[in-house]
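Before any comments, here is the structure.
Quick note: numbers below take in every heavy atom, side chains included, and nothing from hydrogens, waters or symmetry partners. Below, read A as the first sequence line, B as the second, and so on, with proteins coming before strands; counting in each chain starts at 1.
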Number of protein chains: 2
Amino acid sequence: MDFMTTAIVPDTLPPPVSLPRGHEAKRASILDAAGSVFCREGFAGANIDLIAAEAGVSRQTVYNHHGDKQTLFQAVVRDLTERSNAGVFATLATFPDQPKDIEADLIAFCMRLNRNCVCNREGKFLRKLMQAESERYPELFSEWRDHGPAKTWSALAARLARLAHAGYLDIDDPDVAARQFLALANADLHMTFLLGGTPSEAEVLSSATNGMRAFLRAYGTARCVAEKPQPAAV
Amino acid sequence: MDFMTTAIVPDTLPPPVSLPRGHEAKRASILDAAGSVFCREGFAGANIDLIAAEAGVSRQTVYNHHGDKQTLFQAVVRDLTERSNAGVFATLATFPDQPKDIEADLIAFCMRLNRNCVCNREGKFLRKLMQAESERYPELFSEWRDHGPAKTWSALAARLARLAHAGYLDIDDPDVAARQFLALANADLHMTFLLGGTPSEAEVLSSATNGMRAFLRAYGTARCVAEKPQPAAV
DNA sequence: GACAATTTGGACAAGGATGTCTAATTTTTT
DNA sequence: AAAAAATTAGACATCCTTGTCCAAATTGTC
């Protein structure tokens with residue numbers, strides 16, 4: 001028996017198999033609160049005591065998990081980047097490769113993109129933190145850009161090129177078209193973003209509709225127009 | 001010799017212009033430095049000593065001119081807003097109302113807009129300060145928005161409507177078109193803006209060209225295409 | 001040149017924030 | 001139940017910043 005147990009569970013001291021559940025929960029809670037406070041107050045204005053209070057932990061726990069303020073900030077941005085990128089690529093996977101009604105399908109895609117990627121918590125926070133602190137942390141900025149927007153653009157460009165190849169669109173430069181696609185998708189939301197607010201569902205719908213109609217006016221082919229000759233007014 | 005020198009540099013000395021020579025110069029220098037520091041470090045991170053040093057005055061002089069940090073910040077934003085709006089409307093006045101070559105004329109206008117309004121010092125600073133602190137100073141934000149972007153949009157919409165009426169464009173909703181015009185004009189510059197940099201002349205040209213070609217593909221009439229059937233590749 | 005306003009540098013108090021330390025307490029694992 | 005790990009509250013030293021005060025020096029005006 002003794003032999004069995006020692007064999008099955010080697011005496012190599014219980015490897016840090018599973019750290020407490022409450023431990024990771026607190027870590028997440030700290031990152032969450034820190035994201036909110038850094039975003040609201042900026043790096044210099046953020047107060048560790050406030051972060052601790054908002055996370056529901058003691059200040060010492062914050063220091064135990066992440067060494068100092070800078071390290072905490074970097075952890076926050078990396079966490080946001082990771083989750084945001086996951087959301088972006090999940091949404092990109094829903095791009096309408098074989099559209100039945102290209103206008104309706106692109107509008108729906110656009111709304112998913114806006115709702116799940118640019119209007120949500122991670123998107124809002126990242127946008128603000130990057131704008132405010134990218135010069136102080138250039139490597140964080142590069143990380144985010146290379147793993148996020150840069151890939152998004154080329155992935156979207158590939159999707160658009162495929163649609164063009166299938167005859168739905170008439171595109172010279174897919175990379176330019178991809179940037180314009182995104183610019184048009186958000187054209188009506190800029191002021192709300194600047195204010196730090198979250199657009200209503202109606203605003204997201206109207207921005208996506210206006211944007212995609214303009215995009216299709218620019219890049220749609222006869223095939224699109226034939227299928228959808230007279231879009232209804234908003 | 002003595003006569004010569006005194007004659008060449010007349011004794012008329014700078015005309016006795018009441019109080020301010022060095023006074024107003026110092027005030028401007030302080031606003032300038034404060035704008036730069038607030039923008040770089042954020043409100044909380046900005047240091048009055050640093051502002052004073054960068055302005056080349058003593059700290060006490062900063063306090064003499066503008067009471068405290070908050071008042072200084074508001075003065076900076078109001079100053080930037082005023083100068084930025086002046087630039088925007090001066091540029092709007094150069095909109096091509098009777099274009100000879102609509103594509104070339106719109107591209108040129110776009111470049112003026114980007115160069116003089118969004119890429120310049122005031123534009124860059126205002127964008128960052130608004131994004132960072134608009135929630136802390138909502139009344140400053142409203143002031144800027146109502147006297148700047150809101151008027152810009154409607155003014156641009158009116159110009160576009162006029163072009164449409166003259167047969168150059170085919171536009172349903174001029175307000176939507178105006179927002180899309182601006183979105184397309186800057187579509188290629190977003191990443192540079194986010195990084196806090198200033199786009200090169202080549203980037204501004206390429207962004208304006210790509211943006212206006214897309215805009216005209218969406219909203220141009222046969223009249224445009226007839227005049228400019230085959231735009232050269234970039 | 002005399003006079004008034006402005007600027008300067010430095011000292012200073014008050015307050016706030018960071019990060020460390022410790023002893024007590026709670027939670028988790030064995 | 002006991003041992004180990006994590007958390008807590010609080011005190012604390014240290015540093016930084018804001019905003020004030022003041023005497024001396026500078027500038028510009030009459």
Side-chain angles (χ1 to χ4, degrees), chain A residues 1-2 4-34 36-38 40-76 133 136, chain B residues 11-34 37-38 40-76 133 136:
Chain A
M1 283 296 242
D2 277 340
M4 282 288 288
T5 53
T6 53
I8 288 176
V9 180
D11 60 341
T12 65
L13 280 185
V17 276
S18 62
L19 281 179
R21 178 172 55 267
H23 192 66
E24 284 309 315
K26 277 189 199 302
R27 164 173 294 259
S29 162
I30 292 170
L31 286 178
D32 219 50
S36 169
V37 173
F38 276 132
R40 207 167 57 236
E41 316 283 347
F43 178 81
N47 180 316
I48 304 276
D49 285 329
L50 182 58
I51 292 174
E54 210 156 296
V57 303
S58 74
R59 178 175 62 233
Q60 187 58 49
T61 300
V62 176
Y63 282 105
N64 286 346
H65 279 264
H66 318 88
D68 59 5
K69 200 178 177 183
Q70 287 210 9
T71 311
L72 173 59
F73 180 81
Q74 293 175 8
V76 166
E133 316 287 352
R136 200 186 312 275
Chain B
D11 60 356
T12 58
L13 287 184
V17 274
S18 63
L19 255 184
R21 196 78 209 145
H23 194 65
E24 283 308 316
K26 279 189 197 302
R27 164 172 294 259
S29 162
I30 292 169
L31 285 177
D32 219 50
V37 174
F38 276 132
R40 207 167 57 236
E41 315 283 348
F43 178 82
N47 182 315
I48 304 277
D49 286 327
L50 182 57
I51 292 174
E54 210 155 298
V57 304
S58 75
R59 177 174 65 230
Q60 187 59 47
T61 300
V62 176
Y63 283 105
N64 287 346
H65 279 264
H66 317 89
D68 59 5
K69 201 178 177 183
Q70 287 210 7
T71 311
L72 173 59
F73 180 79
Q74 292 174 8
V76 166
E133 316 287 352
R136 200 186 312 274

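Taking only side-chain atoms of B:T61, from C-beta outward, the nucleotide of C:dT7, D:dG19, C:dT18 with the closest atom is C:dT7. Nearest to the side-chain atoms of A:H23 among the listed nucleotides D:dA6, C:dT7, C:dT18 stands D:dA6. When distances run from any side-chain atom of B:V57 to the nucleotides C:dT8, D:dT20, D:dT8, the shortest one goes to C:dT8. Relative to the side chain of B:K69, the nucleotides D:dC22, D:dG19, C:dT7 differ in distance, and D:dG19 lies closest. Comparing C:dT7, D:dT20, C:dT18 by their nearest atom to the side chain of B:K26 picks out C:dT7. When each of C:dT7, C:dC21, D:dC21 is scored by its nearest atom to the side-chain atoms of B:H65, the top-ranked nucleotide is C:dT7. Relative to the side chain of B:S58, the nucleotides C:dT7, D:dT18, D:dC12 differ in distance, and C:dT7 lies closest. You'll find that the side chain of A:D68 is closest to C:dG19, out of C:dG19, C:dT18, D:dT20. When the nucleotides C:dG10, C:dT20, D:dG19 are ranked by their closest atom to the side chain of B:Y63, D:dG19 comes out on top.
Residue B:N47 places at least one side-chain N or O under 4.0 Å from the OP1 or OP2 atom of D:dT18.
Following rounding to the nearest Å, B:Q60 (CD) and D:dT20 (C1') show an atom-to-atom distance of 7 Å. Rounding to whole angstrom units, CD1 of residue A:I48 and C1' of C:dT20 are separated by 14 Å. Atom CD in B:E24 sits roughly 14 Å away from atom P in D:dG28 (whole-Å rounding). Atom CZ in B:R27 sits roughly 15 Å away from atom C1' in C:dT7 (whole-Å rounding). Taking atom CD1 of residue B:I51 and atom C1' of nucleotide D:dG19, one finds them 14 Å apart after rounding to whole Å. Rounded to whole Å, atom P of C:dC21 lies 14 Å from atom CZ of A:R59. Distance A:F43 CZ to C:dT18 C1': 11 Å, rounded to the nearest Å. Across the protein-nucleic acid pair, A:Q70 atom CD and C:dT18 atom P stand 12 Å apart, rounded to whole Å.
Relative orientation of the A:F43 and A:F38 rings is parallel, given thresholds of 30° and 60° on the angle between their planes.
Between A:D49 and B:G56, the residue anchored nearer the 5' end of DNA chain C, judged by the nucleotide with its closest heavy atom, is B:G56.
Contact annotation for B:A46: backbone-only contact, meaning every heavy-atom pair under 4.0 Å involves sugar-phosphate atoms and none involves a base. Nucleic acid contact for A:A44: none, since no nucleic acid atom lies under 4.0 Å from a heavy atom of the residue.
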Dump the intermediate steps for side chain to side chain donor-acceptor pair (under 3.5 Å) on A:N64 and A:T61, then the final yes or no. CA-CA 5 Å; A:N64 286 346; A:T61 300; 4.9 Å; no

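Residues B:H66 and B:A75 share a closest heavy-atom pair of CD2-CB, 3.9 Å. Here the closest heavy-atom approach between residue A:N47 and residue A:V37 is recorded as N-CG1, 4.2 Å. Scanning both residues, B:A46 and B:K69, for their nearest heavy atoms gives O-NZ, 3.0 Å. For B:R40 against A:R136, the heavy-atom pair with the smallest separation is O-NH2, 4.0 Å.
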